[in-house]
Enquirer: 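What follows is a single structure, and I will ask about it in a moment.
Ligands are counted one by one from 1 in listed order, and the atoms in each one are counted from 1 as well. Since we're looking at a predicted model, the values are computed, not measured. FYI, side chains are in, hydrogens and waters are out, and symmetry mates aren't considered; it's all heavy atoms of this structure.
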Amino acid sequence: MQTFRIIQNGDDYLLPVYNRQKIVLMRGDGSYIYDSERMVYLDFFSGIAVNGLGQAFPEVVNAISETARKLGHVSNYYYNEPNVRLAKLLCEISFAQKVFFCNSGAEAIEASLKLARKYFFRLGQDRSEIISFNNSFHGRTYGALSVTGQPKYQEGFGQLLSGIKFATFNDIESVKKAMTDKTAAVLIETIQCEGGIHPADPKFFKELRDITRENGVLLIVDEVQTGLGRTGKMWAYEHYEIEPDIMTSAKALGAGLPMGAMLTTNQVSQGFKPGDHASTFGGNPIVSAAAVANIETIILKDVVANAGKQGDYLRLCLEQLIKDFPQLFTEVRGMGLVQGLQMTREAGPLVLKCAREGLLIGSAHETVLRFLPPLIISNEDIDLAMEKLRKAIAAELQG
Ligand SMILES: *Cc1c(COP(=O)(O)O)cnc(C)c1O
């Protein structure tokens, strides 16, 4: 089909909830993606922090196709080997001792909210309040939306979940004020990504862990966007030298296939008994095999170290842009390969100009340019991205 016809059919038949660029992507290879007009793009978006190993990584492709030939889907009324291997692997590389699998970040958040409440219910304690943060993002389902601290996402959807309070990110006093003897859990991102790439302050995070422990409150850390090496550690919570009670993962977990997970300790896992929560597709063999190949590759090829090293380099490049274009850029924020460049104007037009130069990049919170390259990105590709970005900036400054 011709490009214009695909786009026209897309506009005719797809529910218009996205502002799509008028680009039809056809094929990918590592950090490069090709469109239907044979234009090649350097990928600094990774499908929103999903493709840590880039496109069509051989080990992942093999795991998916071999498993699809052997065993497709069986439901959670039986064990399947890739899923058990994945659960064990995730526990070996994190604080966790038990894993629940689902299909998205929002579902992992739903599971975490339900587990936190049920945990105290089973203990016979009257605790069901959840403290979340202003400017946070946790997903679009009703539960996840209810704990998302951005009114623009919530408006018009009627009654949301009750028992949710919002504190101010990086302000420990606001958390203390919100906490009562009815508080079940505090839910927090290590970096508020959709909110404009705002990392949590280390002192704040440590104090948050301390006061949740002291008050018998569970700490839920949302690592849907930051987990699996993106920040230069396997999990971003490691930067803060704390351990959560519950963690959510998704985006990069299934190496491009839809998968979410909620991870927790043996103790907190006792909140759930058979029948308390479930997912038909959760942890199916194909997705699990992809995730195992993904994580084994991340470990074997030292991908996390590369993310840290290239993240440092990317940051230097972005700091240079602030020096060169102070009228456009004011601050760079982030960790490893999740970096945000604060602009003095809307980021959208520059994002489009980058695409015209062959660079896929994102924005966050209207005025932040968002960099999420694959974790396998090289020095040379960062240099090339900066060349393309500088051309786009030149066009932007011409108006
Ligand atoms: C993307 C995201 C979610 C929601 O994930 P979906 O898979 O889109 O449901 C939740 N939390 C964070 C931090 C995210 O970045």
Side-chain angles (χ1 to χ4, degrees), residues 15 17-20 45-52 100-116 130-150 152-154 157 160-161 164 166 169 185-200 205 219-231 233 235-237 239-240 244 246-263 279 281-283 287 290-291 294 333-340 362-365 368 370-372 375:
L15 198 75
V17 289
Y18 303 103
N19 272 317
R20 289 177 214 269
F45 198 46
S46 303
I48 324 186
V50 167
N51 305 310
F100 171 82
F101 290 104
C102 48
N103 315 286
S104 69
E107 279 180 69
I109 294 291
E110 297 291 331
S112 75
L113 299 176
K114 286 178 74 177
L115 177 61
I130 309 284
I131 298 174
S132 183
F133 290 88
N134 292 321
N135 198 44
S136 61
F137 182 86
H138 299 290
R140 306 291 195 142
T141 56
Y142 264 101
L145 187 64
S146 302
V147 290
T148 287
Q150 300 191 54
K152 70 174 178 191
Y153 292 126
Q154 298 179 328
F157 290 115
L160 299 178
L161 214 57
I164 312 295
F166 290 94
F169 198 61
V186 175
L187 167 65
I188 189 162
E189 295 159 274
T190 47
I191 304 175
Q192 289 191 329
C193 290
E194 306 293 322
I197 321 287
H198 296 279
F205 223 81
L219 180 63
I220 307 171
V221 175
D222 182 351
E223 295 249 14
V224 167
Q225 191 153 164
T226 48
L228 292 155
R230 178 147 297 276
T231 66
K233 300 258 189 204
W235 308 103
Y237 72 73
H239 290 285
Y240 297 97
I246 300 175
M247 174 172 80
T248 55
S249 175
K251 290 193 165 83
L253 181 57
L257 298 194
M259 173 172 253
M262 175 188 65
L263 298 89
S279 165
F281 288 117
V287 191
N294 183 27
R333 298 183 295 264
M335 284 189 233
L337 288 176
V338 45
Q339 296 289 340
S363 62
H365 226 245
V368 180
R370 179 156 62 149
F371 299 80
L372 296 165
L375 310 184

Enquirer: Count the heavy atoms of every other residue, nucleotide or ligand shown that sit under 6.0 Å from CZ of Phe281, and state whether that count exceeds 12.
Expert: no
Enquirer: Between Ala250 and ligand 1, is there a nitrogen or oxygen pair with a distance under 3.5 Å?
Expert: no
Enquirer: Tell me the protein heavy atom at minimum distance from atom 13 (C) of ligand 1, and give that distance in Å.
Expert: Asp222 OD2, 3.3 Å
Enquirer: Is there at least one protein heavy-atom neighbour under 4.0 Å from atom 11 (N) of ligand 1?
Expert: yes
Enquirer: Mark up the atoms of ligand 1 that fall under 4.0 Å of a heavy atom belonging to His138, in ascending order.
Expert: 10 (C), 11 (N)
Enquirer: Between Arg230 and Glu223, does any side-chain N to carboxylate O distance fall below 4.0 Å?
Expert: no
Enquirer: Any N or O of Gln225 that comes nearer than 3.5 Å to an N or O of ligand 1?
Expert: yes
Enquirer: Under a plain distance cut-off of 3.5 Å, with no hydrogens placed, do Ser112 and Thr248 share a side-chain donor-acceptor pair?
Expert: no
Enquirer: So Gln150 and Asn135, do their side chains get closer than 4.5 Å, heavy atoms only?
Expert: yes
Enquirer: Could you verify whether a donor N or O on one side chain and an acceptor N or O on the other, from Gln225 and Glu189, lie under 3.5 Å apart?
Expert: no
Enquirer: Can Thr231 and His239 be counted as having a side-chain donor-acceptor contact under 3.5 angstrom?
Expert: yes
Enquirer: How long is the straight-line distance from CZ of Arg370 back to SG of Cys193, given to the nearest 0.5 Å?
Expert: 7.0 Å
Enquirer: Only heavy atoms of Glu189, strictly under 4.0 Å: list the atoms of ligand 1 that pass.
Expert: 13 (C)
Enquirer: Hey, does Ile109 sit under 4.0 Å from ligand 1 if you only count heavy atoms?
Expert: no
Enquirer: Kindly say whether Leu145 contributes a backbone atom to a donor-acceptor pair with the side chain of Gln154 at under 3.5 angstrom?
Expert: yes
Enquirer: Quick one: does ligand 1 sit under 4.0 Å from the side chain of Lys251, the backbone, both or neither, non-hydrogen atoms only?
Expert: side chain
Enquirer: Under 4.0 Å from a heavy atom of Ser104: give me the atoms of ligand 1 that qualify, with their elements.
Expert: 7 (O), 9 (O)
Enquirer: Who gets closest to atom 4 (C) of ligand 1 by heavy atom: Gly227, Cys102, Ala106?
Expert: Ala106
Enquirer: Indicate, as side chain, backbone, both or neither, the part of Arg140 found under 4.0 angstrom from ligand 1 when only non-hydrogen atoms are considered.
Expert: neither
Enquirer: Please write down residue, atom name and distance for the protein heavy atom closest to atom 6 (P) of ligand 1.
Expert: Gly105 N, 3.5 Å
